[in-house]
Amino acid sequence: MPLKLAVLISGGGSTMINLQRNIQAGSLNASIPLVIASRPCTGIEKAESAGLTAVTLSPKSFASTDEYSQKLFSVVRDVDADLVILAGFLSKIIIPDDFANRVMNIHPSLLPAFCGKGMYGHRVHEAVITRGCKISGCTVHFCDNEYDHGPIILQQTVPVDATDNADSLAERVQAAECEAYPAAIQLYAENRLLVKEGRVHIVNES
């Protein structure tokens, strides 16, 4: 059975569309029964154009992060999602116990470098260039209730050129993300990710 993904977005939805393309190409054994947006965004239109069900669930409509999280995961449970995918989702959520190691994120740096509250998008790439790093990349990880934390699944590196700016580095990192995120999700679909003592082990197929 294909893995059921609930994809959470806050912007353009490029990660969501990349996953859907991989599904349609047969390289990712999954389906996307639900897209949740934290605010009105172009990603909703892209989801609907791709034939996906999309809803907007704004944290501003709830009294607390806890209430928002409870509602969000209730909606996720309603579609029997196996895995929650953060795809540029910028709202804080509290992950309930039944979704431990069932929420995945991708970050545009090699964690634990250049992460934490407020470190997303071009801010990350600008910080990498300012620091003079020679390599950067992306990290796919399981989420816990700390920013950009949780067991690391995959990392993919890219070079940082002396002539790079945030835009050119972002383009290179995003290309790596388009490969790494579907690959990590496919490993989960194949039941090949074992989390032990805070580390992810990739096991062989049974």
Side-chain angles (χ1 to χ4, degrees), residues 1-36 43 47 50 52 73 76 79-90 93 95 98-115 119-121 124-125 135-158 170-206:
M1 290 289 291
L3 191 71
K4 293 183 180 179
L5 308 177
V7 180
L8 278 52
I9 64 172
S10 295
S14 58
T15 299
M16 167 196 68
I17 293 301
N18 178 57
L19 295 179
Q20 180 66 2
R21 286 173 179 162
N22 276 267
I23 290 169
Q24 291 174 334
S27 57
L28 178 56
N29 185 25
S31 66
I32 304 176
L34 180 65
V35 176
I36 301 176
L52 304 175
F73 280 97
V76 168
V79 297
D80 293 323
D82 301 300
L83 187 66
V84 174
I85 299 298
L86 304 189
F89 190 72
L90 300 179
I93 53 174
I95 300 169
D98 61 323
F99 274 86
N101 298 326
R102 293 175 60 200
V103 180
M104 206 177 276
N105 182 49
I106 192 163
H107 185 75
S109 76
L110 300 175
L111 294 181
F114 305 105
C115 65
M119 288 297 287
Y120 59 87
V124 177
H125 306 305
I135 59 169
S136 189
C138 60
T139 303
V140 187
H141 65 102
F142 286 119
C143 299
D144 56 20
N145 288 318
E146 297 181 43
Y147 283 106
D148 300 325
H149 197 258
I152 291 172
I153 301 167
L154 290 177
Q155 291 182 303
Q156 191 160 324
T157 62
V158 302
E171 184 176 345
R172 200 175 302 117
V173 172
Q174 286 166 3
E177 290 179 358
C178 285
E179 297 176 357
Y181 217 174
I185 296 167
Q186 181 60 28
L187 287 170
Y188 186 97
E190 294 171 2
N191 199 31
R192 294 179 60 197
L193 300 180
L194 173 64
V195 182
K196 186 176 181 181
E197 297 178 349
R199 298 180 65 181
V200 176
H201 302 267
I202 300 175
V203 299
N204 293 328
E205 291 179 287
S206 57

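Bear in mind that the values here come from a model prediction, so they are computed numbers and not experimental data.
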_Here's a test for you: under side-chain contact (heavy atoms from CB on, under 4.5 Å), which of I153, V140, V173 qualifies with I106?_
V140
*So, for P108 and G121, which heavy atoms are closest and what is the spacing to 0.1 Å?*
CG-N, 4.4 Å
_Side chains of H125 and F114, heavy atoms from C-beta outward: is any pair under 4.5 Å?_
no
*Yes or no on side chain to side chain contact (heavy atoms under 4.5 Å, CB included) for M119 and Y147, after CA distance, side-chain angles and deciding distance?*
CA-CA 9 Å; M119 288 297 287; Y147 283 106; over 6 Å; no
*Considering residues, nucleotides and ligands other than N145, do more than 12 of their heavy atoms fall under 6.0 Å from its CG?*
yes
*Looking only at heavy atoms, which two atoms of P151 and V200 are closest? And how far apart?*
CB-CG2, 3.5 Å
*asked:* Can a donor-acceptor pair be found, under 3.5 Å and without considering hydrogens, that links the side chain of R102 to the backbone of A81?
replied: yes
*With the side chain counted from C-beta on, respond yes when E190 and N29 share a heavy-atom pair under 4.5 Å apart, and no when they do not.*
no
*Could you give me the CA-CA distance, side-chain angles and deciding distance for V76 and I36, then say whether side chain to side chain contact (heavy atoms under 4.5 Å, CB included) is met?*
CA-CA 9 Å; V76 168; I36 301 176; 3.9 Å; yes
*Decide yes or no on side chain to side chain contact (heavy atoms under 4.5 Å, CB included) for I185 and N22, but give the supporting numbers first.*
CA-CA 11 Å; I185 296 167; N22 276 267; over 6 Å; no
_Can you tell me how far apart CD1 (I32) and CD1 (I85) are? Round to the nearest 0.5 Å._
8.5 Å
*Looking at C138 and E177, what are the two nearest heavy atoms and their distance?*
CB-CG, 3.6 Å
_Value rounded to 0.5 Å, distance of CG in L3 from CG in L28_ = 7.5 Å
_I need the C178 SG to Q156 CD distance, nearest 0.5 Å._
10.0 Å
*For the residue pair K4 and P33, what are the closest heavy atoms and their distance?*
CB-CG, 4.1 Å
*From E179 atom CD to L154 atom CG, the distance as rounded to the nearest 0.5 Å*: 11.5 Å
*Could you give the distance from CG (L90) to OG (S10), rounded to the nearest 0.5 Å?*
4.0 Å
*asked:* Side chains of Q24 and Q20, heavy atoms from C-beta outward: is any pair under 4.5 Å?
replied: yes
*Heavy-atom closest contact (P182 atom, N18 atom, distance)*: CG-ND2, 3.6 Å
*CG of L86 to SG of C143: how many Å apart, nearest 0.5 Å?*
4.5 Å
_Any heavy-atom pair between the side chains of Q186 and S27 that's under 4.5 Å?_
no
*asked:* For a 4.5 angstrom cut-off between non-hydrogen side-chain atoms, does T139 reach S109?
replied: no
*asked:* Within the 4.5 Å heavy-atom criterion, are V84 and F73 side-chain neighbours or not?
replied: yes
_Worked verdict on L193 versus I202 for side chain to side chain contact (heavy atoms under 4.5 Å, CB included)_ = CA-CA 5 Å; L193 300 180; I202 300 175; 3.9 Å; yes
_Do M16 and L52 have side chains that approach each other closer than 4.5 Å (heavy atoms only, starting at C-beta)?_
yes
*Apply the side-chain contact (heavy atoms from CB on, under 4.5 Å) test between H149 and each candidate in N105, L111, D144; give the one that qualifies.*
D144
*asked:* Which heavy atom of S31 sits nearest to which heavy atom of P2, and what is that distance?
replied: N-CB, 4.2 Å
